[in-house]
Protein chains: 2
Amino acid sequence: MPDAAYDLVIVGAGPAGLSGAIYAARAGLRAVVLDRGVAGGTVMLTPMMDNYLGVGSVKGMALAKEMKAHASRYAEIREGVNVSDVSLCDDIFSVTTDSGSLQAKALLIATGGRHRTLGIPGEERLAGRGVSYCATCDGFLFKGKSVVVVGGGSTALTEAAYLVRLGIDVTLVHRRAEMRAERSLQDDYRSLNGKLALNSVVEEILGEKRVEGVRLRRLDTGRAEVLKCDGAFISIGYEPSNELAKRLGLELNPDGTIKTDRAQRTSMHYVYAAGDITGGVMQAITGAAAGAVAALSAYEDLAKPYWRRAIK
Amino acid sequence: MPDAAYDLVIVGAGPAGLSGAIYAARAGLRAVVLDRGVAGGTVMLTPMMDNYLGVGSVKGMALAKEMKAHASRYAEIREGVNVSDVSLCDDIFSVTTDSGSLQAKALLIATGGRHRTLGIPGEERLAGRGVSYCATCDGFLFKGKSVVVVGGGSTALTEAAYLVRLGIDVTLVHRRAEMRAERSLQDDYRSLNGKLALNSVVEEILGEKRVEGVRLRRLDTGRAEVLKCDGAFISIGYEPSNELAKRLGLELNPDGTIKTDRAQRTSMHYVYAAGDITGGVMQAITGAAAGAVAALSAYEDLAKPYWRRAIK
C-alpha cells in the first residue's frame with residue numbers, strides 16, 4: 001500500500017469521531033478529526049446530559065468540551081473544516097476540504113445528521129427548554145407532565161407511546177386525517193388512550209423561558225386554539241448527513257443511514273462508519289462505543305491488508 | 001402477561017449493567033441490578049482509565065464509583081448478591097439469590113467474565129503495575145518500552161502484534177514448541193520481527209513497585225534466566241461467566257460468550273445480554289453502550305409483547 005500522511009481521517013467530531021480518535025491513536029494509527037462545525041456533535045446541542053454513564057448530570061456543552069479535550073490528547077481535531085469531496089486512488093483516500101486536501105489509508109465517517117425542524121416561531125428559541133427531538137433522551141424529564149408530539153410516521157408513534165408509558169399526558173398532532181405509521185403502532189398508541197389531534201398543525205410554540213403551550217390550527221375548520229403543555233417533541237424525520245457516503249457509493253439503509261456490520265465496516269474496504277449516521281438508537285454512549293469499534297477495525301484491517309475481509 | 005415485581009432484573013453491575021439500569025428506568029421500567037461483588041466490573045480493577053470518552057484520565061476505582069452513583073439515581077443496585085438460579089414460569093423469570101428470590105418480566109445478563117491468570121508469584125501483586133490482561137486497554141502505556149506476552153493462541157498473537165506495532169519491544173513466551181494461533185497471525189508477528197521464547201514458561205514476575213522483569217524457564221533444557229522488561233501481558237484465555245446463560249439454555253458463541261443480535265437480544269425472548277459476556281472488544285465504553293441498547297430492546301419488547309420478534 002502506498003504511503004499516506006494519515007492512517008485514518010475521521011470526518012465528524014461528535015462522540016463517535018472523538019472516541020474513534022482515542023482508540024485509533026492508542027492503537028498507533030496516525031489519525032485526524034475534521035468537523036465542519038465545532039466538536040461535540042449533538043452533545044453540544046443538548047442542554048443537560050443525564051444518561052451518559054459515569055458523568056452523572058452535566059451540561060451538554062460541558063461534556064462536549066471534556067470529550068474534545070480528551071480526544072485532543074490523542075489526535076488533532078480541526079474544527080470549521082468542511083469536507084467537500086473524497087476520492088480513492090491507488091488505495092489512498094484523498095479528502096478534499098475548504099483548506100486543502102489530506103491523504104489517508106482509511107476513512108471513518110461519523111458525520112451524524114440532523115432532526116428535521118418545523119421552522120415555526122418559538123421552536124429554535126425553546127429548543128432544549130421543552131422542545132425536544134428525542135423521546136429516549138428527554139422523555140424522562142416530563143414524567144407527570146403534558147406534551148405534544150408532532151408527526152405521523154412510525155417514529156412519531158413509537159415516541160408518543162414511549163412518552164405515554166412514562167406517565168406523560170401526550171397529544172399527538174398530525175397534519176393529515178391518517179397517519180403513515182404502521183398499523184400496529186397506531187393500535188398500540190390508541191390502546192394506551194393516547195390523545196390525537198389529526199388534521200392539525202402546530203403553528204407556534206409558546207412560552208417565555210420554557211414551553212408553556214402550543215398554538216394548534218385545525219386544517220379542516222381553520223380554527224386555532226392554544227393547547228397548554230410542558231413540552232413539544234418534534235418527530236418529523238431525521239436527515240443523515242450522508243453526502244460523503246453517497247459520493248463513495250456506500251451501501252445505505254432505506255432511511256439513508258450508512259449500512260455497517262457489527263465491526264462498523266461499510267460496504268467499501270477501509271471505510272468505516274459510526275454514530276448517528278449509521279442509525280440505531282442514536283445516543284452519545286452508543287456513538288462513542290461504535291467509534292471505538294470502528295477505529296479498532298481500521299487498525300486490524302490496516303495491520304493485515306492481505307487478509308480477505310468477509311463478504312457482507 | 002402476569003404481573004411481576006420488576007420489569008427487568010439486571011445481573012452484573014459493570015458498565016453494561018449500570019448503563020442498562022439508567023436506560024431502563026428512563027424508559028419507565030422497574031429495574032434492579034444485582035452483583036455478586038461490588039459495582040463497577042472490570043473498571044474497578046483498572047488502575048487508570050484513559051479511553052472512556054469524556055472522563056479523561058481517571059482512576060478506575062473513581063470512575064466505577066461515579067458509574068455506580070449515576071445508576072443509583074435510577075435503580076436499586078444490590079451488591080454482594082449471588083444469583084444461583086434462574087427459571088421461567090408463565091412468562092415470569094424467577095431469579096434465585098442467596099437472600100431470596102425476585103420476579104421479573106425480563107432479564108439482562110451482564111455478568112462479564114475474567115481473564116485466566118497464570119497463578120505465579122508477582123502476578124497478583126503487580127496487576128495494574130505492569131501486569132496486564134488487555135493490550136487494547138494498556139498497550140499505549142508501554143510505547144518505547146519492552147514487554148513479554150504470555151500465550152500461544154490467536155488472541156496472544158494478535159495482542160503481541162498490536163504491541164509491536166505500537167513500537168514496543170515484545171517477547172512472546174509460549175510453553176510449547178508450536179503455537180495454536182492461526183497461521184496468518186503467526187506469519188504477521190514474525191514479519192514484524194517480534195521475538196519468540198518457545199518451550200518456555202514465566203515462573204515469576206519480578207519487580208518492587210512495578211514490573212522490572214520476569215523469570216523465564218526453558219522447559220527443554222530446564223535452564224532459568226531473568227528477562228528484564230517493563231510489562232507482562234497475560235493472554236491465556238478469557239472465561240465468560242456464563243453459568244446463568246447455560247441454565248437458561250441460551251445460544252452461545254464457540255468461545256462461551258452469549259450470542260446476541262445487534263439489539264442485544266439473545267436466543268430467548270425477554271432475555272438480553274450486554275458487555276464482556278457477549279465478547280467483542282470488551283471495553284467499558286462498548287459495554288455501557290450495549291447495556292443501553294439492551295434496556296431499550298427490553299422496553300420495546302415489553303411494551304409490545306404481542307409483536308412477533310424476528311427469528312434469529
Side-chain angles (χ1 to χ4, degrees), chain A residues 15 18-19 21-23 25-29 43 49-58 63-64 66-67 69-71 73-74 135-137 139-140 143 158 161-162 165-167 184-185 188 192 262-263 280-281 283-293 296-297 299-300 303-304 306-307, chain B residues 15-16 18-19 21-23 25-29 43 49-58 63-64 66-67 69-71 73-74 136-137 139-140 143 158 161-162 165-167 184-185 188 192 262-263 280-281 283-293 296-297 299-300 303-304 306-307:
Chain A
L18 295 175
S19 180
I22 292 174
Y23 273 81
R26 288 175 67 94
L29 302 184
V43 175
M49 289 285 296
D50 291 300
N51 57 10
Y52 189 89
L53 179 69
V55 302
S57 191
V58 58
L63 180 59
E66 287 297 322
M67 288 176 165
H70 191 174
R73 288 166 39 201
Y74 293 97
T136 310
C137 312
F140 191 69
K143 264 186 152 176
T158 302
Y162 180 95
R165 284 200 170 82
L166 275 176
S184 59
L185 290 171
D188 180 45
L192 294 167
R262 292 178 81 161
V281 300
Q283 299 291 294
I285 196 82
T286 54
V293 170
L296 293 174
S297 295
Y299 160 79
E300 192 181 308
K304 307 174 188 69
Y306 53 90
W307 273 23
Chain B
L18 295 175
S19 181
I22 293 172
Y23 274 82
R26 289 175 67 93
L29 301 184
V43 174
M49 289 285 296
D50 291 301
N51 56 10
Y52 189 89
L53 179 69
V55 301
S57 190
V58 59
L63 180 58
E66 287 297 322
M67 288 175 165
H70 191 175
R73 287 167 39 201
Y74 293 96
T136 310
C137 311
F140 192 70
K143 265 187 152 175
T158 302
Y162 179 96
R165 284 200 170 83
L166 275 175
S184 59
L185 290 171
D188 180 45
L192 294 166
R262 291 178 82 160
V281 302
Q283 299 291 296
I285 196 82
T286 54
V293 170
L296 292 174
S297 295
Y299 161 78
E300 192 180 307
K304 306 174 187 70
Y306 53 89
W307 273 23

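All values derive from a computational prediction rather than experimental measurement. A, B, ... follow the sequence lines: proteins, then strands. Residue 1 opens every chain.
Scanning both residues, B/Ala303 and A/Asp188, for their nearest heavy atoms gives O-OD1, 4.0 Å. The shortest heavy-atom contact between B/Arg26 and A/Asp50 is NH1-CB, 3.2 Å.
The contact between B/Ala25 and chain A is made entirely by backbone atoms, counting heavy-atom distances below 4.5 Å. For A/Tyr52, the parts sitting under 4.5 Å from any heavy atom of chain B are the backbone and the side chain alike. For B/Leu296, the part lying under 4.5 angstrom from a heavy atom of chain A is the side chain only. In this structure, chain A has a heavy atom under 4.5 Å from the side chain of B/Val281, while its backbone stays farther away. The contact between B/Ala292 and chain A is made entirely by side chain atoms (from C-beta outward), counting heavy-atom distances below 4.5 Å. The contact between B/Arg165 and chain A is made entirely by side chain atoms (from C-beta outward), counting heavy-atom distances below 4.5 Å.
The aromatic rings of A/Tyr162 and B/Tyr299 stand perpendicular to each other, their planes meeting at an angle above 60°, with 30° marking the opposite boundary.
Of the residues considered (A/Leu63, A/Ile22, A/Leu166, A/Leu192), A/Leu166 shows the highest number of contacts with chain B, using heavy-atom pairs under 4.5 Å. Between chain B and the options A/Gly28, A/Ala21, A/Ala284, A/Ser57, the largest number of non-hydrogen pairs under 4.5 Å is found for A/Ser57. Among A/Val293, A/Val43, A/Thr286, the residue making the largest number of heavy-atom pairs under 4.5 Å with chain B is A/Thr286.
Put simply, CG on B/Leu53 and CE on A/Met67 are 4.5 Å apart, with the number rounded to the nearest 0.5 Å.
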